[in-house]
Asks: 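Submitted below is the structure of interest, expressed as structure tokens.
Everything quoted here is computed from the prediction, not taken from an experiment. Note that the numbering runs from 1 along the sequence shown for the chain. Indexing begins at 1, ligand by ligand and atom by atom, following the structure's order.
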Amino acid sequence: MHTIIFATNNEHKIKEIQSLVGSDFTIITLEQAGIDIDIPEPHDTLQENAYEKAITIENMTQQNCFSEDTGLEIEALNGEPGVKSARYAGETRNFQANIDKVLEKLEGITNRKAQFRTVICLLWNKEVFYFEGICKGHIAETMHGKEGFGYDPIFQPANYKATFAELSMAEKNRIGHRGQAVAKLISYLNRH
Ligand code: IMP
């Protein structure tokens, strides 16, 4: 049984990833590892932020760990909010304020194409690996659904009428950005 630290404080992400990993690996959260820090995300790319989070935790613990950074990339907004997804409407990282800002910026715009992109950074025996997952879709006109978190109520994955917030966690994981990146991570870990 391998133990690996997931460098996040986000409860939703922990639940999603634990349900995907199954019993082959024990995922330890930062809280379980006794670490109480707000990990910095100062960079302009998901990849650099994911690395920063993972290396911060590896330096503190000397243990294998992984982190992930996710952004919602909207075509008509030149890829915004992208790497700024968490703080799009300000430092309070408020989900509703972020959604309101996106809907406001897209008012009257017919191109609603968007994608979620996740980059996972794995630090495994001091080596660095990256795994990416993308889910393409559209931004809805209004919010729908209560599941999930963040921009889920306004993101309709391709070929679905429902938003992510109207899907079960299992279904979101099956088609979603994080689920795809984690599947690649698990496949790598199972081979090593
Ligand atoms: P982070 O920087 O990777 O923690 O995520 C940035 C922001 O993107 C989060 O605060 C959420 O608002 C949003 N986000 C990340 N993943 C998802 C998702 O699966 N669904 C909806 N929003 C998400």
Asks: Once rounded to the nearest 0.5 Å, what's the spacing between atom OG1 of T163 and atom CE of M143?
Replies: 9.0 Å

Asks: Filter on salt bridge (Lys or Arg N to Asp or Glu O under 4.0 Å), then keep only pairs touching residues 93-102, sequence neighbours left out; what's left?
Replies: D38-R93

Asks: Pairs in or reaching into residues 61-83: which pass salt bridge (Lys or Arg N to Asp or Glu O under 4.0 Å), with residues at least two apart or in two chains?
Replies: K13-E68, K53-D69, E68-R178, E73-R117, E80-K105

Asks: Would you say the side chains of S168 and E171 form a donor-acceptor pair under 3.5 Å?
Replies: no

Asks: Side-chain polar contacts of residues 144-159 - donor-acceptor pairs under 3.5 angstrom, sequence neighbours left out - could you list them?
Replies:
residue: H144; atom: NE2; partner: T142; partner atom: OG1; Å: 3.1
residue: Y151; atom: OH; partner: S85; partner atom: O; Å: 2.7
residue: D152; atom: OD1; partner: K172; partner atom: NZ; Å: 3.3
residue: D152; atom: OD2; partner: F149; partner atom: N; Å: 3.0
residue: D152; atom: OD2; partner: K172; partner atom: NZ; Å: 2.9
residue: Q156; atom: NE2; partner: K161; partner atom: O; Å: 2.9

Asks: Report all protein residues having a heavy-atom distance below 4.0 Å to some atom of ligand 1; order the list by chain, then number.
Replies: K13, E41, E68, D69, T70, S85, A86, F95, F116, F149, G150, Y151, D152, K172, H177, R178

Asks: Pair I5, L30 - check side chain to side chain contact (heavy atoms under 4.5 Å, CB included), show working.
Replies: CA-CA 7 Å; I5 299 176; L30 287 183; 4.1 Å; yes

